[in-house]
Amino acid sequence: GAMPMKTYIVETKFYGGSWENCWHTDGVPTTFATEAEAEAEIEELIADLENAEDLGLMQGDDEGMTKEFYRVMEVEA
């Protein structure tokens with residue numbers, strides 16, 4: 001039989017240790033075809049946050065928004 005389709009989502013860690021998928025496009029959870037795509041999305045987000053901080057658009061208190069706050073999860077499509 002065919003392999004079940006797998007997709008990947010990015011989850012964000014919240015205080016208290018719960019994880020949630022915060023990536024949505026028009027109210028629909030965003031999924032990624034490969035783990036690499038999902039990883040790239042995280043990298044891009046981190047880079048954007050760091051740029052915003054450098055530009056002073058964000059307060060530096062948000063030092064916490066680093067890679068350990070995001071994870072890629074595999075889901076059955």
Report task. Kindly state each residue pair satisfying salt bridge (charged side-chain N to carboxylate O under 4.0 Å, His left out) with at least one member in residues 11-25, sequence neighbours excluded. Result -> E11-R71
Query - Hydrophobic cluster partners of M73 (side-chain heavy atoms under 4.5 Å) - result: I9, V75
Requested in this report: Sequence neighbours left out, what passes side chain to side chain donor-acceptor pair (under 3.5 Å) with E74? Give chain and number order.
Outcome: Y8
Report summary line: For residues 30-43, the salt bridge (charged side-chain N to carboxylate O under 4.0 Å, His left out) pairs (sequence neighbours left out) are E39-K67, E43-K67
Query raised in the report: Any idea which heavy atoms bring F69 and W19 closest together, and the distance?
Result: O-CZ3, 3.7 Å
Query raised in the report: Who are the side chain to side chain donor-acceptor pair (under 3.5 Å) partners of T25, not counting sequence neighbours?
Result: T30
Requested in this report: Answer yes or no: is there a side-chain heavy-atom contact under 4.5 Å between I46 and Y70?
Outcome: yes
Query raised in the report: Who else is in V28's hydrophobic cluster (ILVMFWY, side-chain heavy atoms under 4.5 Å, direct or via others)?
Result: none
Query - salt bridge (Lys or Arg N to Asp or Glu O under 4.0 Å) against E76, all qualifying residues, sequence neighbours excluded - result: K6
Query raised in the report: Between N21 and V10, which heavy-atom pair has the shortest distance, and what is it?
Result: OD1-O, 3.1 Å
